[in-house]
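One structure is given here, and the rest of the page talks about it.
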Amino acid sequence: MGGWAAAPWRLGGCSGRGGLRGAARRWGSSRPGAGDRAATLSDLLQTSVEAEEPDAAAARRERRCPREGTVLLFPGQGSQFVGMCRGLQRYPGVRDMYRLAEKVLGYDLLSLCLEGPRDALDRTQHCQPAVFVASLAAVEKLNHLQPEVVERCVAAAGYSVGEFAALVFAGALGFAEALYAVKVRAEAMQKASEAVPSGMLSVVGRREANYKFACLEARKHCESLGIENPVCTVSNYLFPDSRVIAGHLQFLQENARKYYFKRAKMLPVSGAFHTRLMEPAVEPLAEVLKSIEIQKPLLCVYSNVDGKKYMHSKHIQKLLVKQVVSPVLWEQTMHSVYERKQGTEFPYTYEVGPGNQLGAILKQCNLKAWKQYKHVDSTMCIIAMNIFF
């Protein structure tokens with residue numbers, strides 16, 4: 001981010017006991033039923049600094065050590081597991097979220113998360129909403145246990161569908177509206193993945209590995225078999241020497257050593273996400289995003305599409321749609337988030353939600369930043385530090 005001392009750390013914070021700030025912007029929604037939720041949370045979601053004088057706020061930011069700013073990372077599809085969110089109902093905000101989620105989704109998401117069955121939870125149409133809500137439930141837990149962490153947050157990033165959770169946390173989207181958009185996105189991506197048999201291959205390569213060349217040869221091989229317009233491309237940039245390749249993958253699986261892949265593992269997903277095979281999902285998501293209110297984030301949120309900060313509401317609307325068919329530039333995003341002058345301290349980073357994959361990736365991208373990493377699980381487990389890769 002380049003200069004944490006100048007970051008608007010008070011924005012998007014919390015009021016200690018009052019819970020997360022900005023009730024209407026962060027958790028509320030104009031969708032049917034959302035008014036009840038906003039009213040329910042109004043006593044919990046109080047603001048402590050909205051009336052602060054600009055000069056006083058600037059002085060606070062100037063005095064604040066870079067280490068005192070925090071970063072929140074929100075996981076994506078694949079991090080879900082049966083049993084996530086067990087015990088989190090003790091936090092009032094979590095109960096409200098799942099009640100509203102049932103109205104928006106039309107099924108009991110909490111029961112699916114707690115009891116499964118796993119094959120149902122793992123379906124794209126279910127796991128994306130599940131991870132979205134579980135991640136924000138983990139924020140409620142963090143806010144209850146360590147409210148100062150939420151208060152001091154200056155930046156957030158989310159992996160794929162996690163970007164929606166990051167934007168809700170930052171006040172750009174209402175909870176119910178974002179969940180509805182995630183529902184439409186997930187159902188459309190499920191349908192698109194079923195239309196063309198495809199998959200995703202997680203690859204760790206040697207330094208000699210040339211992923212683009214490998215994908216090119218894989219496409220040529222598919223064409224030789226009579227497959228029209230085959231897809232084989234890098235869909236996720238995870239960390240140095242690690243990629244996810246998506247599309248028609250049998251050739252690369254069988255020839256992994258030829259392309260200097262040390263490890264190649266198929267992911268348990270239904271299709272080639274973040275490739276042009278997801279184009280049928282673009283229009284449904286675009287239509288939903290046009291119909292909901294989007295505001296400028298209250299803190300820095302980084303886009304998967306280009307690894308840069310969202311600047312305004314139209315920017316968010318455009319890139320959330322583009323993200324569906326574009327590679328996730330997570331490695332590049334991590335470099336943007338933690339860019340700083342030499343000698344500047346790194347902030348504390350909290351991964352909020354199921355799984356600790358983003359912490360493992362952070363360790364490979366930036367070891368110094370990872371040393372300040374903690375994981376806030378979506379269960380009753382205590383906050384865990386420095387999860388090893």
Side-chain angles (χ1 to χ4, degrees), residues 33 73-142 158-165 168 175-176 178-194 197-202 236 244 246 265-273 278 281 351-360 375-384 387:
L73 302 180
F74 294 81
Q77 181 173 346
S79 62
Q80 73 279 354
F81 60 90
V82 175
M84 64 184 186
C85 291
R86 189 175 304 282
L88 293 190
Q89 301 94 299
R90 64 178 288 189
Y91 306 115
V94 175
R95 292 197 297 270
D96 290 334
M97 274 190 271
Y98 278 102
R99 288 193 193 103
L100 183 54
E102 185 171 358
K103 293 180 180 179
V104 173
L105 299 174
Y107 58 87
D108 189 345
L109 180 65
L110 181 59
S111 293
L112 183 60
C113 290
L114 294 178
E115 303 168 8
R118 180 175 177 177
D119 58 346
L121 178 61
D122 286 345
R123 285 181 62 81
T124 295
Q125 67 188 72
H126 296 143
C127 71
Q128 288 189 17
V131 170
F132 169 84
V133 178
S135 296
L136 292 170
V139 173
E140 288 283 356
K141 172 184 175 180
L142 178 61
Y159 191 97
S160 191
V161 71
E163 207 163 90
F164 286 82
V168 170
F175 172 80
L179 178 57
Y180 183 73
V182 168
K183 174 182 185 290
V184 170
R185 177 187 191 266
E187 291 174 349
M189 291 175 72
Q190 178 80 51
K191 187 175 180 180
S193 66
E194 292 170 352
S198 57
M200 301 183 79
L201 185 71
S202 178
N236 304 72
V244 175
K265 180 181 179 182
M266 288 297 296
L267 298 178
V269 296
S270 58
F273 303 141
M278 291 295 110
E351 181 175 355
V352 283
N356 54 28
Q357 296 92 329
L358 299 185
H375 177 222
V376 185
D377 199 358
S378 57
T379 66
M380 284 301 294
C381 299
I382 61 172
I383 296 176
I387 306 300

With side-chain contact (heavy atoms from CB on, under 4.5 Å) as the criterion, how do L201 and L267 come out once you've worked through the C-alpha distance, each side chain's angles and the decisive distance to 0.1 Å? CA-CA 6 Å; L201 185 71; L267 298 178; over 6 Å; no

When rounded to the nearest 0.5 angstrom, what distance separates [atom1] in [X] from [atom2] in [Y]?
X    : Y    : atom1 : atom2 : answer
S160 : F74  : OG    : CZ    : 14.5 Å
C113 : Y98  : SG    : OH    : 4.5 Å
M266 : S202 : CE    : OG    : 10.5 Å
R185 : Y180 : CZ    : OH    : 15.5 Å
L136 : L142 : CG    : CG    : 12.0 Å

_Could you check whether E187 pairs with K183 (Lys NZ or Arg NE/NH1/NH2 to Asp/Glu carboxylate O, under 4.0 Å)?_
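K183 and E187: salt-bridged.
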
Check: [Y] and [X] side chains under 4.5 Å, non-hydrogen atoms:
X    : Y    : result
L110 : E102 : no
L73  : V352 : no
K141 : V376 : yes
V82  : L114 : no
L105 : L179 : yes
F273 : N236 : no
S193 : M278 : yes

Check whether [X] reaches the backbone of [Y] with its side chain - one donor and one acceptor, N or O, closer than 3.5 Å.
X    : Y    : answer
Q80  : C127 : no
H375 : G359 : no
Q89  : G87  : yes
T124 : M189 : no

| message | What verdict does the side-chain contact (heavy atoms from CB on, under 4.5 Å) test give for L112 and H126, after you've listed the backbone C-alpha separation in whole Å, the side-chain angles of each residue and the deciding distance to 0.1 Å? | response | CA-CA 9 Å; L112 183 60; H126 296 143; 3.7 Å; yes

Quick note, salt bridge (Lys or Arg N to Asp or Glu O under 4.0 Å) partners involving residues 106-120, not counting sequence neighbours, are R118-D122

Heavy atoms only: give me the nearest [X]-[Y] pair and the separation to one decimal.
X    : Y    : answer
G355 : F81  : N-CE2, 4.1 Å
M200 : G271 : CG-O, 3.2 Å
L100 : A176 : CD2-CB, 3.6 Å
E351 : P75  : OE2-CB, 4.1 Å
S79  : Q357 : CA-NE2, 3.5 Å
G76  : V161 : CA-CG1, 4.0 Å

By ring pair (Phe, Tyr, Trp, His ring centres under 6.0 Å), F132 pairs with (sequence neighbours left out) F175

Would you say Q128 and Q77 are linked by a side-chain donor-acceptor pair, where the criterion is simply a distance under 3.5 Å?
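There is such a pair (donor and acceptor under 3.5 Å, judged by atom type) between the side chains of Q77 and Q128.
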
By salt bridge (Lys or Arg N to Asp or Glu O under 4.0 Å), E194 pairs with (sequence neighbours left out) R123

**OP:** Please lay out, stage by stage, how E140 and M97 fare under the test side-chain contact (heavy atoms from CB on, under 4.5 Å).
**Re:** CA-CA 10 Å; E140 288 283 356; M97 274 190 271; 3.3 Å; yes

